[in-house]
Amino acid sequence: QVQLVESGGGLVQAGGSLRLSCVASGILFSINDINWYRQAPGKQRELVATITSGFTTNYADSVKGRFTISRVNAAKTVYLRMNSLKPEDTAVYYCNIPRGHWGQGTQVTVSS
């Protein structure tokens, strides 16, 4: 069974940085595209960043230039490096593999 476990969230001041990690198991990791989503209170879940099996990356306009997604296939891990954090980045961040695989989420809170 597929498991995705996120970590690395926390409380940080505006302008600070965090690195989220997502470790996968139960799936052939290297052939899958991986997404990071986030959901703020009262808002819909939104796609933040994608890294394809070929290492192509895409970002939401709101995070371009500040967030970097990367992956290490040998470790079945995907990362989201978040710099210059803003209060509006506050949300629960989820790792996703298409076809319905989600982690439990990790909370990121950015104070002003």
Side-chain angles (χ1 to χ4, degrees):
Q1 114 202 26
V2 179
Q3 270 198 312
L4 300 173
V5 180
E6 301 100 332
S7 61
L11 173 63
V12 64
Q13 288 190 329
S17 298
L18 285 173
R19 189 180 77 160
L20 307 183
S21 301
C22 172
V23 180
S25 60
I27 195 166
L28 189 52
F29 184 80
S30 62
I31 66 170
N32 282 280
D33 298 349
I34 314 292
N35 303 306
W36 281 100
Y37 281 79
R38 68 185 180 188
Q39 187 165 21
K43 295 190 175 180
Q44 287 192 330
R45 194 169 293 191
E46 65 168 338
L47 179 62
V48 174
T50 298
I51 186 164
T52 70
S53 59
F55 292 82
T56 299
T57 58
N58 288 287
Y59 299 93
D61 287 343
S62 58
V63 307
K64 274 181 188 174
R66 300 188 298 121
F67 289 13
T68 303
I69 189 171
S70 60
R71 65 191 294 165
V72 178
N73 286 339
K76 294 190 176 183
T77 301
V78 61
Y79 301 98
L80 186 68
R81 176 69 181 183
M82 306 185 294
N83 295 329
S84 303
L85 282 161
K86 305 175 181 180
E88 51 264 44
D89 295 318
T90 295
V92 179
Y93 284 71
Y94 297 92
C95 181
N96 163 260
I97 294 178
R99 292 178 299 282
H101 305 300
W102 294 90
Q104 82 289 350
T106 186
Q107 175 71 48
V108 171
T109 303
V110 184
S111 63
S112 55

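Each residue takes its place number in the sequence, starting with 1.
Under the 4.5 Å side-chain criterion, counting only non-hydrogen atoms from C-beta, Thr50 is not in contact with Ile69. In this structure the side chain of Ser25 never reaches within 4.5 angstrom of the side chain of Lys76, judged on heavy atoms. Taking the side chain as every heavy atom from C-beta outward, Met82 and Arg66 never approach each other to under 4.5 Å. Residues Ile34 and Leu4 fail the side-chain proximity criterion, which asks for heavy atoms closer than 4.5 Å. Side-chain atoms of Tyr79 and Thr68, non-hydrogen and from C-beta on, never get closer than 4.5 Å to each other. Put simply, the side chain of Val63 reaches to within 4.5 Å of the side chain of Arg38, judged on heavy atoms. By the 4.5 Å heavy-atom criterion applied to side chains, Val12 and Ser17 are not counted as neighbours. In this structure the side chain of Phe67 reaches within 4.5 angstrom of the side chain of Leu85, judged on heavy atoms.
Minimum interatomic distance between Leu20 and Tyr93 (heavy atoms only, all atoms of both residues): CD1-CB, 3.5 Å. The minimum heavy-atom distance linking Pro87 with Ser112 is given by the pair CG-CB, 3.8 Å. Nearest heavy-atom pair, Val78 versus Cys95, reported as atom, atom and distance to 0.1 Å: CG1-SG, 3.8 Å. Of all the heavy atoms in Ser53 and Ser30, the pair that sits closest is CB-O, 3.4 Å.
In this structure, Val92 is not a member of the same hydrophobic cluster as Val23, with clusters built from ILVMFWY side-chain heavy atoms closer than 4.5 Å. A continuous path of ILVMFWY side-chain contacts below 4.5 Å connects Trp36 to Tyr59, so both sit in one hydrophobic cluster.
In the model, Thr52 has no side-chain atom that pairs as donor or acceptor with a side-chain atom of Asp33 under 3.5 Å.
The aromatic rings of Tyr94 and Trp102 sit perpendicular to each other, their planes meeting at more than 60°, with 30° as the lower class boundary.
Although no hydrogens or angles enter the test, the distance criterion places no donor-acceptor pair under 3.5 Å between the side chain of Asn58 and the main chain of Ala49. For Gln104 (side chain) and Glu6 (main-chain N/O), a donor-acceptor pair under 3.5 Å exists by modelled atom type.
A salt bridge links Asp61 with Lys64: at least one charged nitrogen is closer than 4.0 Å to a carboxylate oxygen.
Residues passing the side chain to side chain contact (heavy atoms under 4.5 Å, CB included) test with Thr109 are Leu11, Thr90, Gln107, sequence neighbours excluded.
For the atom pair Tyr37 OH and Leu80 CG, the distance stands at 13.5 Å (nearest 0.5 Å). Within the model, atoms SG of Cys22 and CZ of Arg71 stand 10.5 Å from one another, a figure rounded to the nearest 0.5 Å. Within the model, atoms CZ of Phe55 and CG of Asn73 stand 4.5 Å from one another, a figure rounded to the nearest 0.5 Å.
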